[in-house]
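See below for the structure under consideration.
The sequence lines fix the lettering, A, B, ..., with proteins before strands; numbering per chain opens at 1.
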Amino acid sequence: MKSLNTFFFMFASFLISAQTIADFENLNLVAGSFNNDAGNTHQFESGNVQLPNFYVDDPSFPYWSGWAVSATIDVSTPGFGNQYSAIPGSGVNGSVGYAVCYNYGHEILRLSGNAKGGLVEGLYLTNSTYAYLSMLDGDGFAKKFGGENGNDPDFFKLTIKKFLNGQLGSDSVEFYLADFRSLDNSEDYIVDDWTFVDLTPLGNVDSLQFSLSSSDVGAFGINTPTYFCLDNVTTADMPSATTEVTPSLKIETWPNPVTNFLKINWMENSNATACLSNTYGHKISNFNLTKGENNLDVSSLAAGVFTLQVTLDGRVYSKVFIKN
Amino acid sequence: MLAQSLVFAQNDSLVLLPAVEITAASLRNGQPGSFVEHWSGVDLAENSTQNIAAFLQNETGIYLKNYGAGSLSTVTIRGASASQTAVLWNGLQIQSPMLGQLDWSMLPVFFADEVSMQHGGNSAVWGSGAVGGAVLMENKPDFYTKKQLKIATGYGSFGNWHGQATAKFTHKKWASSTRLFYQKAKNNFQYKPTPSLPSKRQTNAAYHQAGLMHELYFRPSDKTHFGWQTWLQKSFREIPPTTTQTRSEANQADKTARTALNFRLSKGPNILQAKSALFWESIHFKDDQTRQDAQSHFWTNITGLDWQRSISAKLILQLSGNQSFTKAFIKSYADSSAFRQQSAVFSSLRYLNKKTKVQIDGRQELVDGKLIPFTPSLGVEQQVFEAFRIGAKICRNYRLPTLNDLHWQPGGNPELRPESGWSNEVNAQFSFQKNHSSLRFSSVVFNRNIKNWILWHPVSGQPIWSAANIAEVWSRGLENRFHFFWNSAKWNFKIDAGYDWVRSTNQIAVELPKIEAGQQLIYVPEHQGFTSINIRLGGLGLKYRHQFIGAVLTELGSLPSFQTGEFELDFEKTLAEIDSHFFFQIDNCWNANYRIVERRPMPGRSFLIGVSINY
């Protein structure tokens, strides 16, 4: 019965939705190259998908987090120096481009255009070469999955949740990039090919949140390299359920990225409480919003990615912004 | 015998110590009220193939964090961090200014004539880093040995081979000593990852080391003395895989060059000493598998002047000043280099009579134009009755941020303050000596609080970690030592034992790295003990050492306690004026399966056989 329902649901979706596939080929990457700096837009765009990028051009050691786009093909070199490669050696079906996520806390995928607020029908996921070889062979910092005796119930799990109307959903889709939890070691696996993950169970979304967890964790956090790769995100251009039961909050925020003051135009009649949190979801401060233009001084914040969340009468507005 | 003013010196020897020059002890050595252990002569000669960390672990209560034979070794004294132990070669600090610590596997016992370990804080005397303790390696001129050639070699398990040679030559006012060593090992031992699994053989763990130390002394008169010491050393070591790593192709090459000139003039109650030294060290890490290739090196120049005056029979004053410059080079620093300039003045005043010693010290240091808070110390010692002595000490201690903490890109923090705090201790010693036997028992209670403890932690909103003064650590503990010695015309018998209890806890909870308030520091055992028994009949000697290391917390959880034993049989014989010494040693004789560092296996039972010949 469940299979039948799923069939009808998919069939219905097919009938009423046009699809857009974000395959990152529009970024015209040359095989062997990558881009970890999205420039002033701080995001990569493909199809109806936006991938936020954080990049600092440190003269000694440029660093980044969030999303990069890549066409590198190295499937054999272990270590941090090969952090932009996907273990299949290409994008889905041999395509050139794909996205790489360095998951430092929670990373976001935003829908744009006609896809916003609609279904994400699915996406393809795989391991980065860096994480794959680390789990396969271990390195000086992280363990070989299975441990010393091969029986450790290790796992490397990606959890995907949705934001809709600024509210983080409680439902999630879990995808094991590696799973050694079975008592039968022959069932242990590390994902080494592009794997389609159905996200229709999440329903309509504005954005997706990706979080990694691992069994190999210590005082310094996750030891497994927190990377995964993404390709061919299929979104529905005409959402199957676009009716908003709850009207969204009347609020505007700008500029993004911001340097000193984040301007917030609060157009609701009632005052509300806003919460500012960092990329780990840790609260930095709470403050009141009154009708009209509010100025939030962010000059003292370190450069990085932050989230502004406003709640009123059960309605939630959430905005990710970048502090220069 | 050495002139010394050490509180709990271990000066029993089974044979006569070689004669060395009698010198006035600096007030820096053997402060009243502090717990100091001292080794020289035979104690060091019997362990000349070891590094100083392994030697001290056997002899006293330091905790050696050892990644495996020939691999990185750091130490913990009284629950301090690895960078909170000062290491001094002839009174000059030799820790890396980039890391703030030293790889103790690169400190051969063979290159020291005397080794002292000063337990507890001593920053007033030695400056930055002397928080948990200080270890002193000393070279001493030998104007009494006209000619000497000593050759030693040994062969052991896992392809272990070492060769050593010492040549001494003295002519009138000149004395020269040259020491050479070479050591290598395949280090391909077998280990069991878990008791139920078949053994695995360690791979990519070979190492070799070579070193040269040359000393030249000139003594134009009894009152004037010139010295020049040079220490060259290089090592190459493969870095083995962890127990959860399939393979490793990483390796590291270290090179060290140290040279020091010193001058001493004694006139009446005054002693004037001047020193100047130049140190250079480089590290080259390479991993073909991950295509990593990282090189770094630094230069340090230290110049110092000491003046000591016996104001009266009961009062001694010392004034010192020193200046050091360091420049370090690595791509990870802005402009690929960093510089540090330090100037310090030190003064000390000691009062002593037959039963009482009191010493007050003070140090003021200027680092890159910024004053470090004044660092004082006060030590007292009282002979309550002939066999019983008590002492106490209080001092301020500090450790400067390392150049990596300050300048590493990204994450280095130029605004870091020194780690600093106060330590105090009370100690008591009972000693009894009669005819051919001696008995000694000592106990120390210590307490230390360090603020502004430096940790690297994640930066909010950015994917990097940065150094910050965010932790506070409270260390307290108890150190106990027992010593018994008995000899007759044919027999010698010696037993030493020790037990340390150390609680060293973080006082402030930290989210990452995850540390609970009140949690013991990682890799600091709460309990540690050792015992050694030494029996000698004529030229035949038998020694057994046993150590217990309590469980430790680690970055991944915890490691259980373990015990290891070491057995040694040796035989000395003199034929035609040639002294020969043969030894057979079993390390880890109970074949304990243990780990000191997470995922780093240690070898099981191993054997070493060797001989030394002294012309």
Between CD on residue Gln462(B) and OH on residue Tyr104(A), distance to nearest 0.5 Å: 9.0 Å
Test side-chain hydrogen bond (donor to acceptor under 3.5 Å, both in side chains) on Glu148(A) and Thr243(B); report intermediate values, then the result. CA-CA 6 Å; Glu148(A) 297 175 358; Thr243(B) 54; 2.5 Å; yes
Crowding at CG, Asp58(A) (>12 non-hydrogen neighbours, <6.0 Å): yes
Does some side-chain heavy atom of Phe80(A) sit less than 4.5 Å from a side-chain heavy atom of Gln292(B)? no
Side chain, backbone, both or neither: which part of Pro410(B) has a non-hydrogen atom closer than 4.5 Å to chain A? both
Search all heavy atoms of Gln289(B) against all heavy atoms of Thr77(A) and return the closest pair with its distance. O-CG2, 3.8 Å
In terms of heavy-atom contacts, does CG of Asn40(A) have more than 12 from other residues, nucleotides or ligands at under 6.0 Å? no
Between Ala219(A), Gly79(A), Gly221(A), which shows the greatest number of heavy-atom pairs under 4.5 Å with chain B? Ala219(A)
When rounded to the nearest 0.5 angstrom, what is the spacing between CG in Leu197(B) and CG in Asn151(A)? 8.0 Å
Chain A: which of Val510(B), Leu553(B), Leu512(B) shares the most heavy-atom pairs with it under 4.5 Å? Leu512(B)
Please classify the contact between Asp152(A) and chain B as side chain, backbone, both or neither, with a heavy-atom cut-off of under 4.5 Å. neither
Spacing of Thr244(B) atom OG1 and Phe145(A) atom CZ [to the nearest 0.5 Å]: 10.5 Å
Option that, when pairs with chain A are counted at under 4.5 Å, heavy atom only, ranks first among Arg291(B), Glu555(B), Arg599(B), Lys514(B): Arg599(B)
Engaged part of Leu133(A) at the chain B interface, taking heavy atoms whose separation is under 4.5 Å: neither
Output the distance between atom CG (Asp139(A)) and atom OG1 (Thr290(B)), rounded to the nearest 0.5 Å. 9.0 Å
What part of Phe141(A) lies closer than 4.5 angstrom to a heavy atom of chain B: side chain, backbone, both or neither? backbone
Quick one: what part of Tyr63(A) sits under 4.5 Å from any heavy atom of chain B, side chain, backbone, both or neither? side chain
4.5 Å side-chain heavy-atom contact, Asn223(A) and Leu556(B): yes
